Amino acid sequence: MANNYECNLKVLSPVYIGSGNEYGASEYVSAKAKNKKGELLKIFKRIDVSKYYLSLNDDEKDEFINDLSTPNFKLADFNSKIPNKYRSYFTYNNCKNNPGPNQNISEIIKTFNKAYVPGSSIKGAIKTAILYNSVDFEDIKRVLGKIKHNPRGYFLGRREYNDFINSQFSSDNFRNAAQSSIMKFLNISDSSDARKVSVYDIFSVMATNPSGNQTYARNGRTVISYLETIDRGNNLKFNLSTNFDKNIYRTLRVNDKEYLIDLDYIKESIYKFSKAYINHELEFAEENSISYLEKFYKKREKLNTPDRPMLKIGGGSGFLATTIGLKIKEHDDYNFDDYFEKVRNITRGKSYDYCFPKSRKVTFKGGYPLGWVQISFN
């Protein structure tokens with residue numbers, strides 16, 4: 001028996017899920033466009049350079065190739081008013097600091113130049129929330145008991161770590177954990193296309209010791225990245241379905257894990273995980289005097305409800321949103337232990353003695369952390 005649910009995903013802060021591609025000033029021009037209210041908005045027009053080049057006459061082609069080979073070439077310097085027929089797509093320009101000729105824009109994942117949220121990204125975030133909700137302190141003690149120490153520091157074998165994660169979703173009687181995982185019966189589609197894609201300039205705000213903050217800089221200059229994002233206010237749709245077959249569950253010996261993909265349990269898991277995560281981020285913002293993050297999370301914690309829970313997806317999610325780190329931290333707070341730092345050190349490397357994660361990626365405009373969405377289930 002299959003259960004199908006149409007779900008809504010409301011974007012609360014810019015979402016970045018990278019395609020692995022990027023482009024520079026030789027492939028776009030800045031322009032302005034009117035919205036439905038008649039307001040002029042800044043945009044970036046991504047140009048199909050090959051198509052545009054073929055439209056040029058021979059002299060223009062020679063000039064273009066010559067200019068293209070020079071350092072700091074900008075397509076806008078060659079022609080700032082390229083007709084829209086050569087445009088692949090456009091994004092809104094929400095940058096406080098516009099990218100320079102040597103600063104690339106990281107591209108979001110798209111199909112036919114339409115941005116969307118992959119179902120795998122939504123499912124991965126939901127799986128982490130389910131893991132958070134299903135793991136108790138006894139489970140944490142079990143995995144922490146596998147942590148070993150040598151002169152080079154703490155370590156946990158990747159196999160032991162993966163075995164622990166897999167044991168929460170799969171039967172111990174199958175060698176291939178993926179084949180016997182209850183999560184294979186939870187299917188999530190890609191989202192609908194995003195209506196508004198914007199480029200933001202992003203910086204990292206870092207905790208300092210004692211309590212305080214600073215922006216991440218190299219050689220005295222703030223490090224800035226430019227990301228295409230699915231912007232705030234987008235309302236997307238996706239489908240969630242679960243397949244229920246007692247005979248298959250029994251064969252795979254996961255019938256005792258069926259509850260993990262029950263819709264009510266999924267909603268409960270997302271809500272509880274987001275609530276804990278938001279509380280942690282509020283604590284980080286307050287302790288390090290980051291007013292814009294504090295403002296964001298105080299407002300959003302009121303939006304997080306059991307029926308319409310919030311979820312963090314995509315780039316900028318970090319250690320807490322993608323592992324069992326938050327549950328381990330709660331265990332430490334309750335038992336006055338320091339296993340969180342040990343596990344973080346195992347999975348990420350460098351250690352900080354005053355807080356972790358040490359930095360947060362934030363937009364210059366608005367001071368938004370990346371990746372927060374709100375989900376409702378119909």
Side-chain angles (χ1 to χ4, degrees), residues 2-21 23 33 35-37 41 43-46 84 87-94 105-130 183-200 227-243 261 263 266-267 269-271 273-274 300 303-317 321-322 363 366 368-378:
N3 296 308
N4 296 293
Y5 307 94
E6 186 180 84
C7 308
N8 297 313
L9 186 152
K10 182 179 181 180
V11 180
L12 303 178
S13 70
V15 171
Y16 171 70
I17 301 172
S19 67
N21 299 320
Y23 56 93
N35 62 11
K36 292 181 179 179
K37 298 179 181 179
L41 301 175
I43 64 171
F44 292 120
K45 288 168 45 173
R46 182 81 184 272
N84 285 339
R87 186 183 75 190
S88 298
Y89 62 89
F90 77 93
T91 63
Y92 292 95
N93 177 358
N94 270 339
I105 298 172
S106 296
E107 191 173 354
I108 200 169
I109 193 167
K110 303 186 189 76
T111 297
F112 300 112
N113 290 324
K114 298 291 186 180
Y116 67 98
V117 178
S120 58
S121 295
I122 302 171
K123 184 175 180 178
I126 290 176
K127 182 179 179 181
T128 299
I130 294 172
M183 295 301 292
K184 70 185 294 183
F185 300 98
L186 174 65
N187 301 302
I188 297 178
S189 71
D190 295 338
S191 78
S192 56
D193 295 338
R195 174 182 53 84
K196 184 179 181 181
V197 176
S198 299
V199 173
Y200 280 89
L227 307 179
E228 289 185 351
T229 67
I230 297 177
D231 209 349
R232 299 179 309 123
N234 273 283
N235 288 288
L236 311 179
K237 296 186 181 297
F238 67 92
N239 291 312
L240 181 152
S241 64
T242 58
N243 297 312
I261 59 171
L263 182 64
I266 290 173
K267 290 164 64 175
S269 298
I270 298 172
Y271 168 69
F273 179 62
S274 293
R300 269 63 184 187
L303 298 177
N304 189 37
T305 65
D307 287 329
R308 295 172 61 86
M310 290 171 57
L311 191 64
K312 201 171 196 300
I313 60 176
S317 293
T322 55
T363 63
Y368 303 119
L370 300 177
W372 281 102
V373 301
Q374 185 175 36
I375 298 177
S376 57
F377 304 84
N378 299 324

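This structure is a prediction, so every number in the text was calculated from the model and none was measured.
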- Query: Would you say the side chain of Ile122 lies within less than 4.5 Å of the side chain of Leu9, judging by non-hydrogen atoms?
  - Reply: yes

- Are side-chain heavy atoms of Thr242 and Phe185 found at a separation under 4.5 Å? no

- Message: Are the side chains of Phe377 and Ile270 in contact, using a 4.5 Å heavy-atom criterion?
- Response: yes

- Query: Is there a side-chain contact between Asp193 and Phe112, using heavy atoms and a 4.5 Å cut-off?
  - Reply: no

- Message: Lys267: which residues meet the salt bridge (Lys or Arg N to Asp or Glu O under 4.0 Å) condition with it, sequence neighbours left out?
- Response: Asp307

- Give, for atom CG of Asn187 and atom OG of Ser241, the distance between the pair rounded to the nearest 0.5 Å. 4.0 Å

- Item | Thr91 and Ser198, any side-chain heavy atoms less than 4.5 Å apart | no

- Message: I'd like to know if the side chain of Thr363 reaches the main chain of Tyr368, judged simply by a donor and an acceptor atom lying under 3.5 Å from each other, with no hydrogens or angles considered.
- Response: yes

- Euclidean distance, Asn21 CG relative to Ile109 CD1, rounded to 0.5 Å: 9.5 Å

- Query: If we only count heavy atoms from C-beta on, is the Lys237 to Ser191 side-chain gap below 4.5 Å?
  - Reply: no

- Query: Leu186 and Ile266: side chain to side chain contact (heavy atoms under 4.5 Å, CB included), yes or no, with the steps?
  - Reply: CA-CA 10 Å; Leu186 174 65; Ile266 290 173; 4.0 Å; yes

- Item | Contact summary for Leu370 and Leu227, nearest pair of heavy atoms | CD1-CD1, 4.0 Å

- Message: Please find the pair of heavy atoms, one from Ala125 and one from Ile313, that lie closest to each other, and give the distance.
- Response: CB-CG2, 3.6 Å

- Item | Lys312 side, atom NZ; Ser13 side, atom OG - distance, nearest 0.5 Å | 6.5 Å

- Taking the side chain as every heavy atom from C-beta outward, state whether Ile17 and Val117 have any pair of such atoms under 4.5 Å apart. yes

- Query: Can you tell me how far CG of Asn234 sits from CG of Leu12, rounded to the nearest 0.5 angstrom?
  - Reply: 11.0 Å

- With rounding to the nearest 0.5 Å, note down the distance linking CH2 in Trp372 to CG in Leu311. 7.5 Å

- Query: Does the side chain to side chain contact (heavy atoms under 4.5 Å, CB included) test come out yes or no for Leu236 and Tyr116, once each step is laid out?
  - Reply: CA-CA 8 Å; Leu236 311 179; Tyr116 67 98; over 6 Å; no

- Task: Give a yes or no on this: more than 12 heavy atoms of other residues, nucleotides or ligands lie within 6.0 Å of atom NZ of Lys196.
- Result: yes

- Item | Pairing residues for Asn93 by the side-chain contact (heavy atoms from CB on, under 4.5 Å) criterion, not counting sequence neighbours | Lys42, Phe44, Cys95, Asn98

- Task: Only counting residues at least two apart or in another chain, list the ones meeting side-chain contact (heavy atoms from CB on, under 4.5 Å) with Lys37.
- Result: Asn35, Glu39

- Quick check: does any side chain N or O of Asn235 sit under 3.5 Å from a backbone N or O of Gly233, one acting as donor and the other as acceptor? yes

- So which pairs with a foot in residues 106-125 pass salt bridge (Lys or Arg N to Asp or Glu O under 4.0 Å), sequence neighbours left out? Arg46-Glu107, Glu107-Lys110, Lys110-Glu228

- Taking side chain as C-beta onward, heavy atoms only, is Leu263 less than 4.5 Å from Tyr5? yes

- Can you name the closest pair of heavy atoms from Ser269 and Ala129 and give their distance? CB-O, 3.5 Å

- Task: Nearest 0.5 Å please: distance from the CG atom of Leu240 over to the CD1 atom of Ile375.
- Result: 9.0 Å

- Message: Once side-chain contact (heavy atoms from CB on, under 4.5 Å) is applied, do any residues pair with Asn239, and if so which ones, sequence neighbours excluded?
- Response: Glu6, Ser189

- Task: Name all residues meeting the side-chain contact (heavy atoms from CB on, under 4.5 Å) criterion together with Asn304; count only those two or more places apart in sequence or in a different chain, and write none if there are none.
- Result: Tyr271, Ser274, Lys275, Ile278, Pro309, Met310

